[in-house]
Amino acid sequence: TLIGSGEFDEGVFKRLTTAFQVLSQAEKPVLIVPEKASLPKEGALRILFADDLEDHTLNAADFIFRLSTKLEPVDLQHVHVSGLSVENLEAGIEMAQATAHASSAMPKASDLYQAARESLAESMADRISVSQAEFSVGGNCYDQVILEGNPSERLQSFREEFKPQIEVFG
């Protein structure tokens, strides 16, 4: 594990370039600790796991779930941001109806949306690499959160609300 801290100054770009080179070649999980970082003196350690649900990020998922069993108490928020919305689905269905050569029954956008959210929740649950009993030791808490919209904007809003002390991106 690599751990680093520091503050912004005129040499930051040189250090960032070096940091990115080191990070890109790291074979172990990387933890970057800002100078102002603090751990809770009481209460649960708040961890944000932002997950794109892609196969190449399974290691990140496995790492954070296993790490969380070693820390207690932990409030782990497993977050996925989806670009799918009822409005997008409705627009797609309307387009399909307008271009269809034959009239056929189209699914309701709300039904498709609900099915998609259930599929995302199932995909998130499949990434949990430890048992619920193993994770729940010491009062640990786990929640799945599915957000809609622009990933960077929605994650920033969630971060501001949740105020995580550790962030893992996968």
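Since the structure is predicted, the reported quantities are computational estimates derived from the model, not experimental observations.
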Checklist outcome for this item: Looking only at heavy atoms, the pair that brings T57 and E54 closest together is OG1-O, 2.8 Å
Next on the checklist: Determine whether a donor-acceptor pair (N or O, by modelled atom type, separation under 3.5 Å) exists between the side chain of R154 and the backbone of G149.
Outcome noted: no
Item to check | ILVMFWY network linking L45 to I64, side-chain heavy atoms under 4.5 angstrom | outcome: yes
Checklist entry - Can you tell me if S123 uses its side chain to pair, donor with acceptor, with the backbone of S119 under 3.5 Å? => result yes
Checklist entry - What distance do I47 atom CD1 and E167 atom CD have between them, rounded to the nearest 0.5 Å? => result 11.0 Å
Checklist entry - Do L58 and D62 have side chains that get closer than 4.5 Å, going by heavy atoms? => result no
Item to check | K163 NZ to Q165 CD distance, which is reported to the nearest 0.5 Å | outcome: 11.0 Å
Next on the checklist: Please report the interatomic distance CD(Q114) to CG(L112), rounded to the nearest 0.5 Å.
Outcome noted: 11.0 Å
Checklist entry - In Å and rounded to the nearest 0.5 Å, what is the CE to CD distance from M124 to E122? => result 12.5 Å
Item to check | Heavy-atom closest contact (P73 atom, G43 atom, distance) | outcome: CG-O, 3.9 Å
Checklist entry - For A60 and G170, which heavy atoms make the closest approach, and how far apart are they? => result CB-CA, 3.9 Å
Checklist entry - Which atoms form the tightest heavy-atom contact between R127 and L53, and what is the distance? => result CD-CD2, 3.4 Å
Checklist entry - For N140 and S68, which heavy atoms make the closest approach, and how far apart are they? => result ND2-O, 3.2 Å
Item to check | Euclidean distance, Q156 CD relative to E161 CD, rounded to 0.5 Å | outcome: 12.0 Å
Item to check | A109 versus I93, closest heavy-atom pair with distance | outcome: N-CD1, 3.7 Å
Checklist entry - Is there a donor-acceptor contact under 3.5 Å from the side chain of R159 to the main chain of L48? => result no
Next on the checklist: Is there a path of hydrophobic side-chain contacts, each under 4.5 Å between heavy atoms of I/L/V/M/F/W/Y residues, joining V145 to F49?
Outcome noted: no
Checklist entry - How far does CD1 of I146 sit from CG of L120, to the nearest 0.5 angstrom? => result 5.0 Å
Next on the checklist: Counting only heavy atoms not in E160 (residues, nucleotides, ligands), do more than 12 fall under 6.0 Å from its CD?
Outcome noted: yes
Scan the side chains in residues 74-83 for donor-acceptor partners under 3.5 Å anywhere in the protein, sequence neighbours excluded, and list what turns up.
from	atom 1	to	atom 2	distance (Å)
D75	OD1	Q77	NE2	2.8
Q77	NE2	D143	OD2	3.1
H78	ND1	Y142	OH	2.7
H78	NE2	D51	OD2	2.7
H80	ND1	D51	O	2.8
S82	OG	L84	N	3.0

Item to check | Residue pair F169, L155: steps toward the side chain to side chain contact (heavy atoms under 4.5 Å, CB included) verdict | outcome: CA-CA 11 Å; F169 293 86; L155 283 172; 4.2 Å; yes
Checklist entry - Does atom CG of N59 have more than 12 heavy-atom neighbours, drawn from other residues, nucleotides or ligands, at distances under 6.0 Å? => result no
